[in-house]
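Right, one structure below, let's go through it.
Values in this document were obtained by computation on a predicted structure and should not be read as measured data.
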Amino acid sequence: MPTTDSRMTKGVSKSMRVYSGTANRPLAEKIAGILGVELSGLALEKFANGEIYARFDESVRGADVFFIQSISGDVNDALMELLIVADAAKRASARTITACITHYGYARQDRKAAPREPITARLVANLIERAGIDRVITLDLHQGQIQGFFDIPVNHLSALPLFGEYYNAKQFDTDNLVVVSPDVGRAKAAKKLSDMLDCSLAIAHKGRPRHNAAEVMGIIGDIEGKTCIINDDMIDTAGTLCASVRELKKMGAGDIYVCATHGIFSGPAIERLNDAPIVECLVTDSIPVEVGGKIKTITVADEFANAIAAVYDEESVSKLVGGDFAL
């Protein structure tokens, strides 16, 4: 029989465990398939009063746990699910806990725009850290500066290369193509996309009288008769976006394409988009979306799988799909 000391000094083999929350299991299954692992056993249930119950069906002692969750849909339940699973993993002695947050909810309130307002993006960051999470992998935050709210590593991925590849495959006439930023704050990302497509850039100047409402005041750049690609980080009710599209049409825009990383699609969003004068609306599967009409999706599974592999073992990256990814 080995002595107590020899048992204590014996190394624990490194192991990966990938789990999924309830908010976006289809994407989690794609990511696990690329990694060549099965989604491990995790029981997620609700008590009669709505409280969330979580329990791992296997030992995670000494394991590197990756939990894939989108803070979307029922946002509050999705957030609590993330925190509760993290607490369960921590108390079960997981070696590391990485939250793969495909959509970071509560990100729009990232500063005090008026007196007596909260900064919910920072609040959620604090909750994530206190729950025991060691690292966050996320996609197209509402503002990149949100990374600074964390005192743990944040891997901030971008869907822009996917959009660039998608539109380059359409072989547009680049002299007659323009990427339109929906507002000044999105101009930097729109410029990156326009560089990928080797086309020009335009910026919409908007006023926002209230939440989920905006008015296009003018356009910086030439859109007359050109094919326009409007890029944003998210589409919620689509009211602002569709109003902007109609204004662009009045200003002489040609065909209009819309792309956004996160298709939240609250309320009548899908109906509005299908009725709007656009060719198509392209979103990622960071949030589950019903495809149909003018709505199309592309997957971000490869990007998350590569990031997970890099966090777990840098040597594993070469064994997975190729391509650049942000770390």
Measuring from [X]:[atom1] to [Y]:[atom2], what's the distance to the nearest 0.5 Å?
X: Ile270; Y: Asp275; atom1: CD1; atom2: CG; value: 12.0 Å
X: Leu162; Y: Cys259; atom1: CG; atom2: SG; value: 10.5 Å
X: Leu79; Y: Thr120; atom1: CG; atom2: OG1; value: 10.5 Å
X: Ser244; Y: Ile256; atom1: OG; atom2: CD1; value: 9.5 Å
X: Asp175; Y: Ser200; atom1: CG; atom2: OG; value: 9.0 Å
X: Asp183; Y: Asp232; atom1: CG; atom2: CG; value: 6.5 Å

Please find the pair of heavy atoms, one from [X] and one from [Y], that lie closest to each other, and give the distance.
X: Ala301; Y: Thr299; answer: N-OG1, 3.1 Å
X: Ala159; Y: Leu139; answer: N-CD1, 3.8 Å
X: His262; Y: Asp140; answer: NE2-O, 3.2 Å
X: Gly292; Y: Asn274; answer: O-OD1, 4.1 Å
X: Phe67; Y: Ser20; answer: CE1-C, 3.5 Å
X: Arg135; Y: Asn155; answer: NH1-OD1, 2.8 Å

What I'd like to find out is whether the side chain of [X] reaches to under 4.5 Å of the side chain of [Y], using heavy atoms alone.
X: Ile101; Y: Ile128; result: yes
X: Ile230; Y: Val245; result: yes
X: Thr98; Y: Val136; result: no
X: Leu197; Y: Val179; result: yes
X: Ile308; Y: Ile137; result: yes
X: Leu123; Y: Tyr106; result: no

When hydrophobic residues are tied together by side-chain contacts of less than 4.5 Å, even through go-betweens, does [X] share a cluster with [Y]?
X: Ile97; Y: Tyr19; value: yes
X: Tyr53; Y: Met80; value: no
X: Met234; Y: Leu273; value: no

Answer with yes or no whether the side chains of [Y] and [X] bring together a donor and an acceptor at under 3.5 Å.
X: Asn24; Y: Ser70; answer: no
X: Asp236; Y: Ser266; answer: yes
X: His103; Y: Ser286; answer: no
X: Arg130; Y: Asn126; answer: no
X: Asp134; Y: Thr96; answer: no
X: Glu81; Y: Gln69; answer: yes

Flag yes if more than 12 heavy atoms outside Lys170 fall under 6.0 Å of its NZ atom; otherwise flag no.
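Counting other residues, nucleotides and ligands, NZ of Lys170 exceeds 12 neighbours.
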So for atom NZ, which belongs to Lys296, do other residues, nucleotides or ligands contribute more than 12 heavy atoms lying within a distance under 6.0 Å?
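No, the 6.0 Å shell around NZ holds no more than 12 heavy atoms from other groups.
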Go through it in stages, so that I can follow the logic: the residues are Glu58 and Arg17, the test is salt bridge (charged side-chain N to carboxylate O under 4.0 Å, His left out), and I'd like the CA-CA distance, side-chain angles, deciding distance and then a yes or no.
CA-CA 10 Å; Glu58 59 192 356; Arg17 297 282 190 275; 3.8 Å; yes
Given the rule in the side chain to side chain contact (heavy atoms under 4.5 Å, CB included) test, do Ile287 and Leu27 qualify, once you have shown the distances and angles that lead to the verdict?
CA-CA 8 Å; Ile287 298 172; Leu27 176 57; over 6 Å; no
Using atom types as modelled and distance alone, determine if a side-chain donor or acceptor of [X] lies under 3.5 Å from a backbone N or O of [Y].
X: Asp285; Y: Pro288; answer: no
X: Glu117; Y: Ala113; answer: yes
X: Tyr104; Y: Ala125; answer: yes
X: Arg272; Y: Thr237; answer: yes
X: Thr284; Y: Thr261; answer: yes
X: Thr174; Y: Cys199; answer: no
X: Asp87; Y: Leu83; answer: no

Determine, for [X] against [Y], whether the closest basic-nitrogen to carboxylate-oxygen distance falls under 4.0 angstrom.
X: Asp77; Y: Lys46; result: yes
X: Lys30; Y: Asp302; result: no
X: Lys294; Y: Glu280; result: no

Just jot down the salt bridge (Lys or Arg N to Asp or Glu O under 4.0 Å) partners of Glu271, sequence neighbours excluded, or say none.
none
Exactly one of Ile264, Ile295, Val258 should register a side chain to side chain contact (heavy atoms under 4.5 Å, CB included) with Ile235. Which one does?
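Considering Ile264, Ile295, Val258, a side chain to side chain contact (heavy atoms under 4.5 Å, CB included) with Ile235 is found only for Val258.
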For side chain to side chain contact (heavy atoms under 4.5 Å, CB included), just list the numbers for Ser181 and Lys188, CA-CA rounded to whole Å, side-chain angles, deciding distance to a tenth of an Å, and then say yes or no.
CA-CA 9 Å; Ser181 172; Lys188 187 175 181 180; over 6 Å; no
Could you pull out all donor-acceptor pairs under 3.5 Å where a side-chain atom in residues 142-152 meets a protein atom, sequence neighbours excluded?
residue: His142; atom: ND1; partner: Asp233; partner atom: OD2; Å: 2.7
residue: Gln147; atom: NE2; partner: Gly144; partner atom: O; Å: 3.0
residue: Gln147; atom: NE2; partner: His156; partner atom: ND1; Å: 3.3

Using the rule given for side chain to side chain contact (heavy atoms under 4.5 Å, CB included), can you reason through Phe66 versus Val311, listing the C-alpha separation, both sets of side-chain angles and the distance that settles it, and then say yes or no?
CA-CA 10 Å; Phe66 294 86; Val311 169; 3.9 Å; yes
Give the C-alpha distance, both sets of side-chain angles, the deciding distance and a yes or no for side chain to side chain contact (heavy atoms under 4.5 Å, CB included) between Lys226 and Asp255.
CA-CA 7 Å; Lys226 293 188 176 183; Asp255 289 340; over 6 Å; no
Full working for ring-ring contact (aromatic ring centres under 6.0 Å, His included) between Phe163 and Tyr257:
CA-CA 11 Å; Phe163 292 138; Tyr257 292 77; over 10 Å; no
